Structure formats: C-alpha cells, structure tokens
Amino acid sequence: MIDFKPLRLEDKDRISSIICASGCHGADYSFANLFLWREEYKPEIAFLDERMLLFMPLFEDLYAYPKGGGDIRPAVEALLENAHARGHKLVMRGLTERTLEEFLPHYEGRFTIEENREDADYIYTVDKLADLAGRKLASKRNHINQFERGGDWEFRRVTKDNTDEARNFIRTFYEEKHDPTLAAESKAIREMFTHYDDLGFYGGLLYQLGEPVAFTAATRLDEITLDVHFEKALPHVKGAYPMINREFIRMMRDLIPELEYVNREEDMGIEGLRRAKESYHPDVLLRKYTATEI
C-alpha cells in the first residue's frame, strides 16, 4: 500500500516544482487550491520517483492522475495496487489531452475515458485580459465605462501587511449572501488570508467612492501562468467584475512581466459562470478527463 499522508504547508515547494515540470496548467493541481480546501476534501499525497500521487478518500476512493516527469507506468501501477487492496477499481481524474498522450499508449483498453466538461479550465493570455482589445470584448469595455460613470474609483494591491480591509469586505460579502452552501468557500478564503505570503498570494481591492466593492486573489501556477482563485464583487455595482479583472491583470503584468497566461479555473457546470467565462473568449479550454479501470 502507498503511504499517503495529509497535505502539509511544508509540501509546497516540492509539489510546485512537480507541477511546473509536468507542463500542465490545470488549476486542480495548484498547491494553493489543495491546501485551502484541505479541510473540505481531505486530500492525501505521496511521492514516487518524479511523480506526485494524490488520493481523495472522501470521493469513493478517487485518485488524481500522477503529475510529474519520467515513466508514468510505475505511478499508475502503484495506484492500481493501492485501489485493488482497498477493494476498488482504479478511478483517476484530472487527465488532460496532453497526459492522455502519455497514458493511453500503455493503458488503452484497460480504462474507459470520460470527459468532465464542468472541470475544464478557462485560460486566457495576459494581454487579452489586460487590454480587452477587439470587437469581441467590446461589451467588457462598455461594462467598465459604466463602472467609471458610477464615481471616482481606485484599485489597490493587497499584501500581507494590509489585508484588514480585504478581510472585512469578504466578511461582509458572505454575510449578505446568507448562503450556507458558501460556507466552505468562505473558510477557504479565511485560510488564504492566514497563509497569504506562505502560499504566494497576490491580491487586489477595487474601490468606488471610497468604499471597497470588489476583491480578487491569485497565485502563480507555474513560471508563465497565473491562477485566479477568488474574485468577488458587490452585485449591485455595475461593471465591478470586469473592472477588477482588468486592473488586477494589469498590475500582475507590471509586477511579473514573464507571465503569459491567466487560468480562471473551471465553471463547475454552473450555467451563469460558464457564460461569464466564455464571454472573455478563452484562448485555451483545458479539457479534463476521468480514466476508469474496466
């Protein structure tokens, strides 16, 4: 049996280096995501050679596809043995078209492959989100103009030393929602503030007429990709969402000129969220797949 252990903050550097080596921009493997949601999903990890093994016991013995470098077969064989010892067939999520290319030559015919459209990541170029150029994004520019007509505004970077106002904004945002289904997300954001620098977060707060109206936060998924984890705006403030998206990406482009892409994560099958993400016309729709042992 594989010696899976609970995720720890001390695992960040090793996991991040493995993710970068894998060349996969999937946000589901982001260390920040794994860590912030660890109380909700109880992920367990192990390492085998150059690969990371991820086990999700709360999801009917679900495993993630082993990310990293080198021959994939030792890692998959170890997962097969582990799943069988627990009385289950192996089910792995998080495969992409790229990882299918390394997986299927060895295991085609032993697994069924199913696409999980709701898990696909929406990826955009930095310049697209920062500049909003072209006819296709005219509606975004119109929403921003509408925001600007609402009164004087300001965008400020959120660092470890000035998180108080962002914390208060988020607390008010969730209190006004009165939605118990958002409790886990609210807890994840509180965890983010607690470990803000340790997890490598960048954040921004948007103000209108001197009051905060939107907040966003992200980490680097790899050397060239930013992963936007949270974006919250007051629903009655028109244009707040496109405005904070634009201003934050402009800030990040200035801070880290080598960034090329922004991963805005999946839509979870929520129709409104899908429309919003599609409206920015993603440059890459990173499709995800599940492999189930036959």
Side-chain angles (χ1 to χ4, degrees), residues 15-16 18-38 40-41 43 52 54 56 59 62-68 92-103 113-130 136-137 140 184-185 188-189 192 199-202 216-232 241-242 244-246 248-249 252-253 256 258-291:
I15 290 177
S16 297
I18 287 173
I19 299 308
C20 287
S22 73
C24 175
H25 296 162
D28 44 351
Y29 287 91
S30 157
F31 180 82
N33 273 336
L34 292 173
F35 186 81
L36 293 180
W37 295 88
R38 70 193 187 285
E40 179 74 6
Y41 299 119
M52 178 184 76
L54 179 62
M56 309 290 280
F59 292 83
L62 181 68
Y63 299 82
Y65 181 78
K67 278 291 186 281
M92 294 183 297
R93 294 197 69 169
L95 287 91
T96 64
E97 292 179 6
R98 175 171 178 169
T99 51
L100 279 172
E101 290 179 0
E102 71 173 3
F103 175 71
I113 305 298
E114 179 184 3
E115 182 180 356
N116 308 114
R117 175 61 181 83
E118 70 278 6
D119 292 338
D121 285 353
Y122 293 78
I123 301 175
Y124 314 81
T125 64
V126 166
D127 288 342
K128 170 179 281 186
L129 296 187
K136 288 184 177 180
L137 297 175
K140 302 300 179 187
E185 182 183 72
I189 293 184
M192 175 198 69
L199 294 173
F201 266 95
Y202 298 86
T216 190
T219 61
R220 293 179 74 169
L221 188 56
D222 57 31
E223 292 300 315
I224 62 171
T225 309
L226 191 72
D227 179 9
V228 177
H229 299 273
F230 304 110
E231 186 179 81
K232 303 297 178 184
Y241 274 111
I244 193 167
N245 182 22
R246 189 193 73 174
F248 180 63
I249 300 306
M252 294 305 301
R253 183 170 63 177
I256 310 175
E258 62 268 30
L259 285 177
E260 297 179 20
Y261 297 101
V262 180
N263 187 321
R264 290 181 58 80
E265 301 193 346
E266 73 279 4
D267 61 41
M268 300 175 289
I270 301 172
E271 185 177 347
L273 193 56
R274 180 168 297 185
R275 287 199 303 270
K277 292 178 185 289
E278 288 178 339
S279 69
Y280 277 96
H281 302 281
D283 295 279
V284 177
L285 185 64
L286 186 65
R287 297 182 182 275
K288 308 287 183 61
Y289 302 86
T290 295

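The model shown is predicted, which means the values in this text are computed figures rather than measured ones. Any value given below was found using the heavy atoms of this structure, including those in side chains, with hydrogens, waters and symmetry copies removed.
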Exercise. Atom CD of Glu260 and atom OG1 of Thr225: how far apart are they, to the nearest 0.5 Å?
Worked result: 7.5 Å
Exercise. Going by atom types alone, do Asn116 and Glu266 pair a side-chain donor with an acceptor below 3.5 Å?
Worked result: no
Problem set entry | Residue Glu271 excluded, over 12 heavy atoms near CD under 6.0 Å | no
Problem set entry | Thr219 side, atom OG1; Met192 side, atom CE - distance, nearest 0.5 Å | 10.5 Å
For this session: Would you please classify the geometry between the Tyr280 ring and the Tyr124 ring as parallel, tilted or perpendicular, with 30° and 60° separating the classes?
Result: perpendicular
For this session: Determine the sole option in Tyr202, Phe31, Phe201 for which the ring-ring contact (aromatic ring centres under 6.0 Å, His included) test with His229 is passed.
Result: Phe201
Exercise. Taking the side chain as C-beta and beyond, is there a heavy-atom pair between Ser279 and Lys140 under 4.5 Å?
Worked result: yes
Exercise. Under 4.5 Å between any side-chain heavy atoms of Lys288 and Thr96, yes or no?
Worked result: yes
Exercise. Between Phe59 and Tyr41, is the ring centre distance below 6.0 Å?
Worked result: yes
For this session: Report the distance from atom CG of Leu226 to atom CZ of Arg264, rounding to the nearest 0.5 Å.
Result: 10.0 Å
For this session: Supply the atom-to-atom distance Leu36 CG to Ser30 OG, rounded to the nearest 0.5 angstrom.
Result: 8.0 Å
Exercise. Does some side-chain heavy atom of Val126 sit less than 4.5 Å from a side-chain heavy atom of Ile249?
Worked result: yes
For this session: Could you tell me which residues satisfy salt bridge (charged side-chain N to carboxylate O under 4.0 Å, His left out) with Glu223, sequence neighbours excluded, listed by chain and number?
Result: Arg220
Problem set entry | Spacing of Phe230 atom CZ and Ile189 atom CD1 [to the nearest 0.5 Å] | 4.5 Å
Seminar exercise, completed: Hits for side-chain contact (heavy atoms from CB on, under 4.5 Å) against Asp267, two or more places apart or cross-chain, chain-then-number order -> Arg117, Glu118, Tyr122, Leu273, Arg274, Lys277
For this session: Could you grab the distance from atom CG of Leu221 to atom CD1 of Ile19, nearest 0.5 Å is fine?
Result: 7.5 Å
For this session: Indicate the atoms forming the closest heavy-atom contact of Ala120 with Arg287, along with that distance.
Result: CB-CA, 4.0 Å
Exercise. Closest heavy-atom contact between Leu54 and Pro43?
Worked result: CD1-CB, 3.8 Å
Exercise. Does any non-hydrogen side-chain atom of Glu102 lie less than 4.5 Å from one of Tyr65?
Worked result: yes
For this session: State, with a plain yes or no, whether a side-chain heavy atom of Val262 is found less than 4.5 Å away from one of Lys128.
Result: no
Problem set entry | Side chain proximity check, Tyr29 to Met52, heavy atoms < 4.5 angstrom | yes
Problem set entry | Non-hydrogen side-chain atoms of Leu100 and Ile113 separated by less than 4.5 Å | yes
For this session: From the options Asp227, Asp121, Asp222, select the one residue that forms a side-chain hydrogen bond (donor to acceptor under 3.5 Å, both in side chains) with Asn263.
Result: Asp121
Problem set entry | From Met92, Arg93, Glu115, residue fulfilling side chain to side chain contact (heavy atoms under 4.5 Å, CB included) relative to Thr290 | Arg93
Exercise. Which residues pass the side-chain contact (heavy atoms from CB on, under 4.5 Å) test with Ala184, sequence neighbours left out?
Worked result: Trp37, Glu40
